[in-house]
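Notes follow once the structure below has been shown.
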Amino acid sequence: MTGITPSGNLHIGNYFGAMRPAIEAQERGDNFYFIADYHSLTSVFDADARRKHTLGVAIDWLACGLDPKRSVFWRQSDVNVVCELTWLIGSLTPMGLLERAHSYKDKIAKGISPNFGLFAYPVLMAADILLYDTHRVPVGKDQKQHLEMTRDIAIKFNEQYGETFVVPDVEIREEVAVVPGLDGQKMSKSYNNVIEIFADDKTMKKRIMSMVMDSRTPAEPKPDADKNIAIQLLKLVAPTEVAFEFENQLRAGGLGYGDLKKALFEHCWNYFAAARERRKELLANPDYVESVLKNGAQRAHAVADQVIARARKACGLR
Ligand code: TRP
């Protein structure tokens, strides 16, 4: 299972952190992917933007290789019992657990004025996971604590009311867990340091060329070449040998940052070329995309309805 919040256009941090592992996992087992439109309510307050981003994220996932025949793909709010489950498990979730959430504390530290939804975010996320008897949730490092909270909540409920929920495993994709953004911090929309997957060529190039490097001359050897952000990103979008060749050149001296960034742009552009073509077709067929999501919701309901019935019964609501 993976969920993506439709808070804006997808960037390559989303792709390597969450989407690619999820898409690759389609080769194995049953997969559940949803667009977390309820989660977006905590931070996006424009209804049209939410609708647009929700459809946009659906299109982008399908373009990047999500196969709706093999995977269950739906819009979170089409299976609204997830909100009921949030209440059932939220009533057993200690305040202290939520107060310790890094993502919440980070947002407060940034001066974002918190709402109840933001505070309860990890409980809704736990409900997403528990509602589908999920075993594995591959995510980036930043979501690790949320998954640990999900486990804590599931264990607590099971102890209180008897075995009800599957306790999921946490799977962190170490090698790509945090994709650096243009400024070296984690790539994140809220840091305004992203490279969007489907930016047009001019925009993508401009973004990449705007990366801030240090003032060493091209000729200078750079023993810290592996720390260079462009090199780190190149390792994701270029063949391994190519990325290492650039890294070695940078380390030895003689490779200018401008040329490195140009190479990064070329590889990044080509990496997503096939997806870009598929996306064009999907953009012209919004009805098809909607029917995919509706069908996914039906399949998601088939599982969710059983689990919510089990949970209601366990805690004495039925
Ligand atoms: N919090 C996740 C993120 O920001 C999105 C998400 C919501 C999610 N519910 C989930 C991810 C359930 C995995 C499982 O990326």
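All residue numbers in this chain count up from 1 along the given sequence. Just follow the structure's listing: the first ligand is 1, and inside any ligand the first atom is 1.
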Name the closest protein heavy atom to [atom], giving the residue it belongs to and the distance to 0.1 Å.
atom	answer
atom 1 (N) of ligand 1	Tyr121 OH, 2.7 Å
atom 9 (N) of ligand 1	Asp128 OD2, 2.8 Å
atom 5 (C) of ligand 1	Gly3 O, 3.3 Å

Counting only heavy atoms, tell me which of Ile35, Asn14, Ile129 gets closest to atom 12 (C) of ligand 1. Ile129

Would the distance check show the side chain of [X] and the main-chain N or O of [Y] forming a donor-acceptor pair, the cut-off being under 3.5 Å?
X	Y	result
Lys235	Ala243	no
Glu196	Met204	no
Asn295	Ser291	no
Asn14	Met19	no
Asn31	Ala25	yes
Ser71	Phe73	no

What part of [X], side chain from CB on, backbone N/CA/C/O, both or neither, has a heavy atom under 4.0 Å from ligand 1?
X	answer
Asp142	neither
Leu124	neither
Tyr33	neither

Could you tell me how the ring of Phe272 sits relative to the ring of Phe198: parallel (under 30°), tilted (30 to 60°) or perpendicular (over 60°)?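 Rings of Phe272 and Phe198: perpendicular, as their planes differ by over 60°.
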
Does an N or O from Gln143, backbone or side chain, lie closer than 3.5 Å to an N or O of ligand 1?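 Checking ligand 1 against Gln143, an N or O pair does fall under 3.5 Å apart.
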
Of all the atoms in ligand 1, which lie at a distance below 4.0 Å from a heavy atom belonging to Val137? 13 (C), 14 (C)

